[in-house]
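One is the number of the first residue; the rest follow in order along the sequence. Both ligands and their constituent atoms are indexed starting at 1 by order of listing.
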Amino acid sequence: MKKQTENKSIKKIPLERWTIDNSRDLYGIKNWSAGYFDISDDGEVVINSSGKSRNRFSVSLMSIISGIKDRGMNMPVLLRFRDILQSQITLLHESFKAAIKECGYKGEYKGVYPIKVNQQEQVVEEITRFGARYHHGLEAGSKAELIAAISLLKDREACLICNGYKDEEFVDLALYALKMGFKCFFVIEMPSELQLILERSEALQIKPLIGVRIKVSTRAGGHWTESGGDRSIFGLNMTQLLDVVDQLKEKDMLDTLQLLHYHLGSQIPNIRDIRFAVTEACRVYEGLVLEGAKMGYLDLGGGLAVDYDGSHTNFTSSRNYSLEEYCTDIIEVIMSTLDEKEIAHPVIVTESGRATVAYYSVLLFNVLDVSRFETFPYPEKLPEDTHETIVNLLDVLKSINVKNIQECYNDAIYYRDEIRQLFKHGNVSLRDRAISENIFWHIIKTIAENVKKLKFIPSELDGIDTSLADIYYCNFSVFQSLPDSWAIGQLFPILPVHRLNEIPDRNAVLADITCDCDGKIDKFIDQHNVSDTLSVHDLKPDEEYYLGIFLVGAYQETLGDLHNLLGDTNIVSVKITENGEYEFIREIEGDSVQDILSYVEYDVKALVTQFREMAEESIRKGYITPKDRQNIMKAYKKGLRGYTYFER
Ligand SMILES: *Cc1c(COP(=O)(O)O)cnc(C)c1O
């Protein structure tokens, strides 16, 4: 749903009266942080170890940054907070547990983590290790994910759900896993898969556990919902589903059909869509039970959304429900549908990926440079012989008021274009063109100031702030670290991690260091809107300025690409200790330049050899001395070993 454009100019708060509460409001931190992040009295973002729970300990991100710097590591750094991951898994299970108890549901809840959401070994390992107390399982969508899953998952009570296209190798591995005691389900996504599974199970003499994936007709709103609904590429339609039933009946194997699965898509912002889909799936479940299938498991897939903008609405970057409502609604719908036909309550499985890992990671980086929006003086009175169009432009500037801003905007654009034409034809001098540009930017600035006084902004003037924004050049790559921001315009909470007791009185868009015109962020979360600029502080000389991008634990890490050969960032995993200190429990060094070059098939040794030969030739030609060659080769090799990002 598109939100209405409503004016939200920063309240004019005097410099000296700015407090951390103003920053809390401005960045909406309480709305999206789920209690994991807050601002300390001295204006720094702090991380709280276990969200909203009572015994939490907070640590400032700035003290973590200084710990990172002291160890000689450079920005950008991706921080992972193990405590948050554990807290999210606990919350998911405890919420389902509470809802099950409250509603008197007779089945239990089993969560699985879909590996594709963040496949990093450390992430999957921590989920399986910590999740064991809740029998939290894994979902594998490919052979590689299955191979990772069966080594990392030690808990035989946990579910191992196999989705995705399955070849013979995949099927054999999953059957062996089943034989070793894993609750390993084949989810049939395509009609042709059943044949192969039955063949291999007969050959290996292992009876499979079978699930079926259906296409539900519910179409949910949001970015990722193509994977649900009638048109989705995965899943069986009702005819194909019954065909599976009939084939199993024929082989007297209907007892192997135990699970029904659907996946509506990721980040479902509206609880209504979730309820509709569960209802539909319950009816199918009921039908399968009546057909004589054993059943017992209902797998609702992923879709549990993250409230990235904190607006608590059905906007794509948000969700209009709480975790408690999600659990209760699902259970109520299942009970009310299945109780009618006296069908036993199934084990509920969900495959929440995004909601499990999004909060876990924070990307930190420094600002390298700023290009400030500035206006320059123009003459109050133009010389007699000034071209008429420039005189007209100045008249526009002098006549702006709240009532005529749209008209003035149109006129200004018209005269500016006219003057450019005149310049091209040699009718306006270079100096006159410079003067007219200064006048033009004064007009835009004055209009932007007046726009702030309007209740509703004409669509053409919405975002006029952006053209007046500073550009903050930041030490990271959107393509590598925030692919969904670039690819589908997803919003993430972004804010300075310090100086939040000072007024952030500059408006900026962020540019990354790829120098690609798409390598920028110019859409930011806002309570009532999407904002085109981010409020930031003026840079101080000789002081680094750090920004954080939050909630980046889901989908961002491995979708990233090597645009401009900027590689993986440094990763530091942090544990918050009981006395409010932190420990680095794991560090993963980011890619070096030679790592990246070898990913794209360069032979680093050969590069060094070629460069050395070139240096030697330069000696022969008299460009450099042998001593120069030594220094040049040192610099080249140092460059190869270095970080791909900007190093200070
Ligand atoms: C991607 C995917 C998920 C994860 O969805 P989230 O919205 O991240 O929880 C779950 N199940 C399947 C089949 C998926 O493809």
In short, salt bridge (Lys or Arg N to Asp or Glu O under 4.0 Å) pairs touching residues 282-293 with sequence neighbours left out are Lys249-Glu291, Arg283-Glu286, Arg283-Glu340, Glu286-Lys341
Sequence-distant partners of Asp339, side chain to side chain contact (heavy atoms under 4.5 Å, CB included), two or more places apart:
Met335, His345
Checking Asp568 side chain against Asp591 main chain: does a donor-acceptor pair fall under 3.5 Å?
no
Relative to the ring of Tyr359, is the ring of Tyr36 parallel (under 30°), tilted (30 to 60°) or perpendicular (over 60°)?
tilted
Can you work out which protein residues put a heavy atom within less than 4.0 Å of ligand 1?
Pro114, Lys116, Val117, Glu139, Asn163, Arg213, His261, His263, Ser266, Gln267, Gly302, Gly303, Glu351, Ser352, Gly353, Arg354, Tyr555
Around atom CD of Glu587, are there more than 12 heavy atoms from other residues, nucleotides or ligands closer than 6.0 Å?
yes
Give every donor-acceptor pair under 3.5 Å between a side-chain atom in residues 297-306 and any protein atom, sequence neighbours left out.
from	atom 1	to	atom 2	distance (Å)
Asp299	OD1	His261	ND1	3.4
Asp299	OD1	Gly301	N	2.9
Asp299	OD2	His261	ND1	3.1

